[in-house]
Amino acid sequence: MKTTEWKNPHNTKVTWGKYFPQDIEKKWQEVWKEAGLYKFKSQIPSSKFQKYYTLVELPYPSGDLHIGHWFTFIAPDVLSRFKRMQGYNVFFPMGYDAFGLPAENAAIKRGIHPQDWTLKNIETMTAQFETMGTMIDWDHVTVTCLPEYYKWNQWIFIKMFEKGIAYRGKTLSNWCPTDQTVLANEHVENGKCWRCGSVVVQKEVEQWFLRITDYAEELLWNREGNGVDWPKSVQVAQNDWIGKSEGLEISYPIEGSEEKVTIFTSRPDTNFGATFIALAPENPLVTIITRPERKEEVEKYVKIASEKTELERKEEGKEKSGAFTGAYAINHLTGEKMPIWVSDFVLMNFGTGALVGVPAHDLRDFDFAHKFNLNIKRVVVGKDGDKSPITKREQVQEEDGIMINSDFLDGIDIHEATGKIMDYIVEKGWGKKVTMYHLHDWSVSRQRYWGTPVPMIHCDTDGIVPVPLDQLPVTLPYDVDYQPKGKPPLASNDEWMKVTCPKCGKDARRDAETLDTFFDSSWYYYRYVDPSFRDGPFDPTEVKKLMPLDIYFGGGEHTLGHTLYARFFTKFFKDLGMVNFDEFALKRVQHGIVLGTDGNKMSKSKGNVINPDDVVKEFGTDAVRVYLSFMMPYNATGPWSVSSMYGMFRFLKRVWDLYPRVTAGELTREDKFQMHTTIKKVGDDIAETKNNTAVAAMMKWLNYLDAKEQIWEEEFKNFLIILSPFAPHITEELWQLNKLSDSEAGDEAFSSIHQEKWPSHDNSLIVSDTVTVAVQINGKLRDTLVIVSEAKQSDVEEVAKQSEKVKVHLEGKTVKKVIYVPGKILNFVI
RNA sequence: GGGCGAGUGGUGGAAUGGUAGACACGAAGGUCUCAAAAACCUUUGAUCGUAAUUGGUCAUGUGGGUUCGACUCCCUCCUCGCCCACCA
C-alpha cells in the first residue's frame, strides 16, 4: 500500500487515508484561490488566444443559495473546466441582479433598508457559492445595484431617448385609488391592494416605454435560427410572441355617415360570413357614430367597462357583454348591413380597436352573436370549404347556417382563395395590405424605490430634459419613505428631487421613477468583461475579443422576457456601432428544476427544501456535484433523492480507494479500448451538456478498473483528469499524491490537475477486434455471434447459418433477402 | 382555447432506424462479524417453462401506418408538465 506524506508549497499536509471530503475540499479551495488558478487573465497565453465565454443568468440575491442554484451552475462549471483543458481561454464570470421588488418588500416587512438587506445577502451567497468549488472568476463580479453599474443603465437610457427608442406614453396600469399609486401585479391580491385592501382599478398612466417594436422584424427567428444554436422551442415561442401577421386593413362605410370603421383581418375570406362589427369601449369612434336613441345605454356600458379591473375582465371571460350603437356598416363582399356594437372583449391596443364579427368561424364571435341573437353565417370557400375550427359547429348548422360560394373561387383551396380575396379587396380600394405585430412596446417605468433612477429632468419651461452625461450617475438616495401615499418613493426626498434644468437653469424636478430590473439584466454580460471600465458601459475592444457569448445557461421562464430584451439591446448597440454582431449568444441551454424529495417544488412552507450547506457537510462538495450531474438530464425536472446521494459518495470512495493499487506498467489492448472509449464519450457528452451519461460512462470504466488485478498509472491519471471537471477536489488530492510519489520533486511550483490538457483519444483503439453481431430472422432476434470486426458478409452469413437457433427457423423456408449492417445486424428475410 | 415538451422496470434514467432497460438507486439472498454498520459477491421488466443456466413468449401511454427491422419516423386518441392566452 502506498501512503505519502508531504508538504505542498502552501504547507498543507496530505496523507492518504480514509476518504473524508471535508478534510480536503476547503484546503484545495484555498490553495486554488491563493494561486489565482481561476483568474481569467492568468489563462491568457501570449501567442494564440481562443476564447470561450460561458454565462449563466445572474441570480437574484434572495439570501439563501438554493440547491437549484447548484444544479444550474454545475453544468456550466463542468463545461468551462473541460473547455479550459482543451486549451480555450475560458471566461466564466458571475454577478448579482440586485435591484428589485423583494428587497423592498423585505424592507417594508422587517424594517431593514433594501440596500443593507441586498448587500448582506450578496455576502452570504458569495460565501456559499465558494463552497461549490467552481472556476468562476470573482474578479469580474458585477452587482447591478451599485452606482458604478446603474450609471451605465442611465447612459444607455439617455442614448435610447436621443434615438427615439425611449419615449413617454400611456398605458393601463393597476391603480390603487387610496394609496394613489401604481401597483405591481404581485401586489394585487384578489383584485385588491395588498396594503390597504381597496379595489384596484385600471387607470391610464404616463410611463416610459422602449420602442422594442421598432426591432420586431429583426427579432424574428428565421428558418436557419439566425445562424446561432438556440432551442427551437425558444425560437417558436419568441416568434409567436412577436406575432407577425400579414393581412388586410379593411374600411367599411357606415350607413348614413361620412365615417368609416377600419378593422384588421388575416382571413378576409371569412368576411363573407361577417354579420356584425364590434368596437373597443375606448375606441373614439364610439361617441361619434352612436345614434342619439342608443346614447344613454352605450355610455353606461362604456363607463362600466372602464371601471372593470383587468382581473374582472378575465374572470368573466366566457360571458360576453356589449351594447348596440344603433349604427350599421356595409359589408362590401355581400352588400349586407352589419350592426355596430361596443364590447370589452375587443382590445383597444390590438389592431385597430375594432373587429369584424364572423360568428361561424370564431368562437368568441360566436359567443357574442349567440348572446345578442345576431346572425350566424357559415362560409364555404373553394373546393374544401373552410378549415378553420369552431368547436360548436353543430350548433352553427342548426342555427340557419348559409353556404356562400363565389364563382371565381370555385375549385381552389383555402389558401389560394384567401390570397385572391385579398387581391380583390385591395383592387377595389376597400382595404390595404398591412403587417401587424402582437409585440407591444416595453413599459420600463416603475413607481418603486429599489431600482435605477430614470435619468431625466422635468422642467416647466423645457419639458423633459435628459441629465447631461457628465453628471451621471443620478445616485439613488439612501433616505426615502419607501411606502408613501400619493407619490412614488423617490418623490418623498425633497432635497433629492430638486435640481436645476440643464437647459434654462431654472428650478426643475428629477424623474421620481425607477427602471424595470429587466433593463439591468439586458446587458450585464457586456459589463462583466471589464466591470471597472470608466469610458462607457463596456470596453469595446475587450468586448470584441470575448463576445458574443459562446453559451448562455438559464431558465425557460425567460424566453419571452429577459432573453428577448437582451437580444433587443444587442441590436440597439449594433445600431449605435458599439458591437458588430446581431445575436449576443451563440448557444442557449435551458435548465430544469430540482424538486423536493416528495416530488413537489421546494418551498419553506412545505419544509422540503434541500440546503446545499447541509448536504455538503454530510457528503462533501464533490459528491453533491457528481450527483447533480448524474441525477437527470440538465433540462429535466425531478426530485432530489437522498439514497442516490449516498451512491455518489460511494462512487467517489471507490475512486479514492483505487489509489493504493496503482502501479507503473503497460496497458493491454482491452485496457486501452476501455480508456479511449470512455475519454471520447465523456468529452462528447460534456460538450452537449449530457453530463448524466458522461458520469455513467466513468462509472462503467471504474467498474472495469476495479475488477482488474492491477491498475496502471496511465489509466489512473486519465481517469482523474476526466473526472476532475465534475469532482475537482478529490481528483486534485489524488493527483498531487500521485505526483509526489512519482517523483521526488515536492518543491516544484504548484501545478494543478486543472491545468492539465484533456487527454486525446485514439479512434483506432476504440474499435475492438471482435464485435457482437445480432442475427435476426424477419427482424426477430434469434442469436448473437462474436466475430472478428473485419469479417465479410458472406463469412458472417455462413457462420450464422451454422447456428442451431438460426437453423430451426430457416428450415424449409426460402431466404428472400439478407440485410447486413457491418458489425451490428444480420437479418434474414424469409 | 393556442403553442411547446414528455409518457420506457419498484425509482432516477439509457438507447433518436439496428441485440430495449446502459449507469445508478432501492430490494432480496449471501460472505465477513458476538452483533450491527461499512465493504464485497449474486439476483433483480413481466410471464411460461425446463433444468433448454447464450430456452420460449410478451413488453417503451392507446390504436393504426411506413420499414427487412420502430422507444425512435408518420397519423388517431388518452394522460401529464411547462409557457402563453378575449390577438380579430
Side-chain angles (χ1 to χ4, degrees), chain A residues 231-237 239-241 243 245 247 263-267 270-271 274 278 280 313-314 316-318 320 343-347 349-358 361-365 367-368 389 391 436-440 555-560 590 592-593 626-627 630-633 635-648 650-651 653-654 657 690 692-703 706 772-786 803-805 815-830:
Chain A
K232 200 97 221 135
S233 58
V234 173
Q235 298 183 24
V236 170
N239 278 1
D240 286 355
W241 184 249
S245 55
I263 60 95
F264 172 81
T265 178
S266 59
R267 290 287 308 278
T270 62
N271 279 21
R313 276 202 189 187
K314 278 180 185 169
E316 55 177 352
K318 270 158 202 152
K320 293 279 179 288
S343 176
D344 64 6
F345 86 92
V346 187
L347 306 174
N349 58 7
F350 184 83
T352 59
L355 64 77
V356 59
V358 189
H361 299 270
D362 182 289
L363 195 53
R364 288 160 308 136
D365 294 356
D367 288 342
F368 190 82
T391 18
M436 292 258 305
Y437 298 94
H438 162 246
L439 186 71
H440 290 15
E557 71 275 18
H558 291 126
T559 297
L560 301 182
Q590 294 186 334
I593 300 166
V626 173
Y627 175 53
F630 181 72
M631 67 182 288
M632 60 185 179
N635 62 5
T637 292
W640 179 269
S641 156
V642 178
S643 55
S644 292
M645 188 61 247
Y646 273 101
M648 296 307 113
R650 222 151 32 213
F651 166 65
K653 205 156 82 171
R654 286 176 63 203
D657 290 336
K690 286 158 75 175
N692 54 332
T693 48
V695 173
M698 287 186 282
M699 288 171 166
K700 207 173 172 182
W701 189 22
L702 176 66
N703 289 343
D706 217 359
T772 313
V773 170
V775 182
Q776 300 179 334
I777 289 161
N778 283 355
K780 263 199 161 107
L781 180 71
R782 291 305 173 193
D783 198 5
T784 55
L785 305 173
V786 177
S803 154
E804 286 302 322
K805 285 178 221 159
V815 176
K816 281 202 287 191
K817 202 171 158 190
V818 182
I819 285 141
Y820 181 60
V821 183
K824 283 189 173 162
I825 290 281
L826 181 73
N827 190 12
F828 293 102
V829 186
I830 55 173

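Just the heavy atoms: all of them, side chains too, but no hydrogens, waters or symmetry mates, feed the values below. We name chains A, B, ... by the order of the sequence lines, and we start the count at 1 in each one.
When the nucleotides B:rC84, B:rA24, B:rG13 are ranked by their closest atom to the side chain of A:M632, B:rG13 comes out on top. Here the nucleotide nearest the side chain of A:K690, chosen from B:rC86, B:rC23, B:rA15, is B:rA15. Relative to the side chain of A:S233, the nucleotides B:rA22, B:rA88, B:rC4 differ in distance, and B:rC4 lies closest.
Residue contacts shown for A:S266 are limited to sugar-phosphate atoms, with no base heavy atom under 4.0 Å away. Counting any heavy atom pair closer than 4.0 Å across all strands shown, A:P633 reaches sugar-phosphate atoms only and no base atom. Among the protein residues, A:I263 comes within range of no part of the nucleic acid, since none of its heavy atoms lies under 4.0 Å from any strand. Residue-level contact check: A:G647 touches the backbone only, with heavy atoms under 4.0 Å from sugar-phosphate atoms and none from bases. Residue contacts for A:S644: at a heavy-atom cut-off of 4.0 Å it reaches the sugar-phosphate backbone alone, with no base atom in range. Contact annotation for A:M698: no contact, since no heavy-atom pair falls under 4.0 Å across all strands. Counting any heavy atom pair closer than 4.0 Å across all strands shown, A:N692 reaches sugar-phosphate atoms only and no base atom. At the heavy-atom level, A:N827 lies under 4.0 Å from base atoms of the strands shown. Contacts of A:D365 with the nucleic acid, taken as non-hydrogen atoms under 4.0 Å apart, are absent. Contact annotation for A:F651: no contact, since no heavy-atom pair falls under 4.0 Å across all strands.
Formation of a donor-acceptor pair under 3.5 Å by the A:D365 side chain with backbone atoms of A:V358 is found in this model. The closest donor-acceptor contact from the side chain of A:Y627 to the backbone of A:S641 lies under 3.5 Å. A distance-only check finds a donor-acceptor pair linking the side chain of A:N827 to the backbone of A:G779 [under 3.5 Å].
Under the Watson-Crick and G-U wobble criteria, each requiring two contacts below 3.5 Å, nucleotide B:rG9 is left unpaired. In this structure, B:rU62 makes no Watson-Crick or G-U wobble pair, since no nucleotide meets both defining distances under 3.5 angstrom. Across the strands present, B:rC4 finds its partner in B:rG81; the criterion is a Watson-Crick or G-U wobble pair with both atom distances under 3.5 angstrom. Pair assignment for B:rU72: none, as no Watson-Crick or G-U wobble contacts are both less than 3.5 Å. Across all strands shown, B:rA22 has no partner, as no Watson-Crick or G-U wobble contact with both distances under 3.5 Å is found. Pair assignment for B:rC86: none, as no Watson-Crick or G-U wobble contacts are both less than 3.5 Å. Nucleotide B:rA27 forms a Watson-Crick or G-U wobble pair with B:rU43, both donor-acceptor distances falling under 3.5 Å. Taking a pair to require two hydrogen-bonding distances under 3.5 Å in either a Watson-Crick or a G-U wobble arrangement, B:rG55 pairs with B:rC48.
Ranked by how close their nearest RNA chain B nucleotide is to the 5' end, A:V821 and A:Y627 are led by A:Y627. Toward the 5′ end of RNA chain B lies the nearest nucleotide of A:A636, the other residue of the pair A:A636 and A:K653 mapping further downstream.
Between A:F828 and A:K816 the shortest side-chain heavy-atom distance does not fall below 4.5 Å. Taking the side chain as every heavy atom from C-beta outward, A:T784 and A:V775 never approach each other to under 4.5 Å. A heavy-atom distance below 4.5 Å is found between the side chains of A:V829 and A:I819.
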### Message
Working note: A:L702 + A:F651, criterion side-chain contact (heavy atoms from CB on, under 4.5 Å); need CA distance, chi angles, decisive distance, verdict.
### Response
CA-CA 9 Å; A:L702 176 66; A:F651 166 65; 3.5 Å; yes

### Query
Taking it one step at a time, do A:E557 and A:Q590 satisfy side-chain contact (heavy atoms from CB on, under 4.5 Å)?
CA-CA 9 Å; A:E557 71 275 18; A:Q590 294 186 334; over 6 Å; no

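Contact annotation: A:R650 reaches the phosphate of B:rG26 (side-chain N/O to OP1 or OP2, under 4.0 Å).
At a cut-off of 3.5 angstrom, counting only N and O atoms as typed in the model, there is a donor on one side and an acceptor on the other between the side-chain of A:K320 and the base of B:rC86.
A gap of 32 Å separates the C1' atoms of B:rU11 and B:rG64, to the nearest Å. A distance of about 31 Å separates the P atoms of B:rC48 and B:rC41, rounded to the whole Å. Comparing the C1' positions of B:rU72 and B:rU60 gives an interatomic distance of 10 Å, to the nearest angstrom. Across B:rU62 and B:rA6, the matching C1' atoms stand 16 Å from one another, rounded to whole Å. On the C1' atoms, B:rG9 is 11 Å away from B:rG13, given to the nearest whole Å. If you take atom C1' in B:rG12 and the same atom in B:rA22, they sit 13 Å apart, rounded to whole Å. The same atom, C1', is picked in B:rA88 and in B:rA15; the two are 47 Å apart, to the nearest Å.
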Strictly under 3.5 Å: I want the nitrogen or oxygen pairs between protein and nucleotides 42-50 of chain B, one per line.
none

Could you pull out the protein-nucleic contacts involving nucleotides 57-59 of chain B (nitrogen or oxygen on both sides, under 3.5 Å)?
unit_1 : atom_1 : unit_2 : atom_2 : d
B:rU57 : OP1    : A:R782 : NH1    : 3.1

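Qualifying ring pair (Phe, Tyr, Trp, His ring centres under 6.0 Å) partners for A:Y646, counting only residues two or more places apart in sequence or in other chains: A:F619.
Distance check, rounded to the nearest 0.5 Å: CD of A:Q235 to OG1 of A:T559 gives 11.0 Å. A distance of 9.0 Å separates CG of A:L560 from CG of A:D240, quoted to the nearest 0.5 Å.
Here B:rG9 is in the syn range [glycosidic angle within 90° of 0].
Note: CG (A:D783) to P (B:rG56) measures 9 Å, nearest angstrom. Distance, A:K817 NZ to B:rG18 P: 17 Å, rounded to whole Å.
With a 6.0 Å cutoff to the six-membered ring centre and a 45° limit on the axis angle, A:K320 counts as a cation-pi contact of A:F345.
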